[in-house]
Number of protein chains: 2
Amino acid sequence: MEPSTPSSGACNEHTPSMCRAREILDRVGDKWSLQVIALLGERTKRFTELKREIDGISQRMLTVTLRGLERDGIVSRTVYPVMPPRVDYALTPLGRTLMDAASSLVRWAETHLDEIDEARAEYDVRAAETDALKSM
Amino acid sequence: MEPSTPSSGACNEHTPSMCRAREILDRVGDKWSLQVIALLGERTKRFTELKREIDGISQRMLTVTLRGLERDGIVSRTVYPVMPPRVDYALTPLGRTLMDAASSLVRWAETHLDEIDEARAEYDVRAAETDALKSM
DNA sequence: CAGCATCCCGGCTGATACTG
DNA sequence: CAGTATCAGCCGGGATGCTG
């Protein structure tokens with residue numbers, strides 16, 4: 001049920017800080033975590049609300065993602081024992097610091113994604129040309 | 001997070017910026033890219049040098065990772081037609097900006113990883129207690 | 001030295017069906 | 001509403017062997 005990564009214990013002696021970076025990417029680098037964090041950054045939300053706002057996520061993956069974030073102390077989960085059930089999710093203070101840290105990456109993405117797409121296109125063209133030469 | 005940048009592409013209407021963040025995580029969120037970027041941030045390096053410094057990476061994955069980064073315009077590849085072959089890898093200006101953006105994440109990791117480990121441990125203890133109750 | 005090609009497995013992930 | 005359980009497929013990524 002839990003695909004949580006035990007991960008490698010051994011680190012890299014040359015890149016101690018990067019090794020740690022790997023650890024956080026193991027936590028927020030997956031397909032959905034950052035989106036959940038961003039949405040909860042706006043305000044506390046309910047399960048269905050999140051599901052509705054995150055395009056393409058399945059119930060299962062939303063559950064798994066939220067559990068992981070909760071386990072890591074990034075998201076808090078509040079259950080109201082009513083009928084029908086109601087559960088609120090919110091960022092913890094720790095989660096908020098993570099959101100801030102991630103925001104520089106988000107800004108980078110907004111700024112440079114076009115350049116990446118360009119670079120890709122050029123690279124693919126060159127690759128196609130090279131292929132054409134080889135098959136002559 | 002931020003209400004800015006409507007972002008022309010048809011993305012997730014509720015999280016335009018986060019959708020873009022997903023895109024960059026697709027590029028650097030994998031197992032090795034950030035480490036490669038960090039090492040090339042120090043200076044230009046050769047293939048074998050990188051392989052030696054990144055603990056646990058296979059030739060295959062180093063190649064794949066470098067190709068991906070090259071394709072995205074983050075890493076430059078310089079081939080010297082000598083015998084034996086020599087190839088230098090370096091960060092492009094774009095790659096350097098990415099490294100800077102990622103550094104806030106790295107700092108966050110260094111600062112808060114202990115908290116996460118604590119939170120995990122606590123969560124696991126609570127989970128174990130809950131399980132014990134259920135099986136009574 | 002710096003790669004590419006191939007095989008193959010483990011796990012993440014999505015789809016579906018069922019509950020309190 | 002907010003999950004849990006189960007099954008099936010895909011692909012990341014490791015191991016190995018071969019080239020220029």
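Chain letters run A, B, ... following the sequence lines, proteins first and then strands; every chain starts at 1. What you see below is based on every heavy atom in this structure, not just the backbone, and it leaves out hydrogens, waters and symmetry mates. Computed from a predicted structure; not experimentally measured.
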Separation of atom CG in B:Asp30 from atom P in D:dC11, rounded to whole Å: 16 Å
Sugar-phosphate only, base, or nothing, as touched by A:Tyr80 at under 4.0 Å among non-hydrogen atoms: nothing
Nearest-angstrom distance from the residue atom CZ of B:Phe47 to P of D:dG20: 18 Å
side-chain hydrogen bond (donor to acceptor under 3.5 Å, both in side chains) between B:Asp30 and B:Ser33, intermediate numbers included: CA-CA 6 Å; B:Asp30 62 70; B:Ser33 290; 2.7 Å; yes
Any A:Arg77 side-chain N or O less than 4.0 Å from OP1/OP2 of D:dG3: yes
Phosphate OP1/OP2 of D:dC1: any A:Tyr89 side-chain N/O under 4.0 Å: no
Phosphate-side-chain proximity, B:Ser58 and D:dG13, N/O vs OP1/OP2 below 4.0 Å: no
Nearest-angstrom distance from the residue atom NZ of B:Lys51 to C1' of C:dC1: 13 Å
Intermediate values then yes/no, side chain to side chain contact (heavy atoms under 4.5 Å, CB included), B:Asp72 and A:Arg120: CA-CA 5 Å; B:Asp72 292 346; A:Arg120 280 201 168 202; 2.7 Å; yes
Sorted by number, the residues of residues 59-67 of chain B with heavy-atom contact under 4.0 Å to DNA chain C: B:Gln59, B:Arg60, B:Thr63, B:Arg67
NZ/NE/NH1/NH2 to OD/OE distance under 4.0 Å, B:Lys31 and A:Asp26: no
Spacing between A:Leu50 atom CG and D:dC1 atom P, to the nearest angstrom: 14 Å
Between C:dA15 (P) and A:Ile57 (CD1): distance, integer Å: 12 Å
A:Arg126/A:Asp124 ion pair, N-O < 4.0 Å: no
Sugar-phosphate only, base, or nothing, as touched by B:Lys31 at under 4.0 Å among non-hydrogen atoms: sugar-phosphate
Candidates A:Arg46, A:Arg77, A:Glu70 - the one meeting side-chain hydrogen bond (donor to acceptor under 3.5 Å, both in side chains) with A:Tyr89: A:Arg77
Residues B:Asp117 and A:Arg71 bridged, charged N to O under 4.0 Å: no
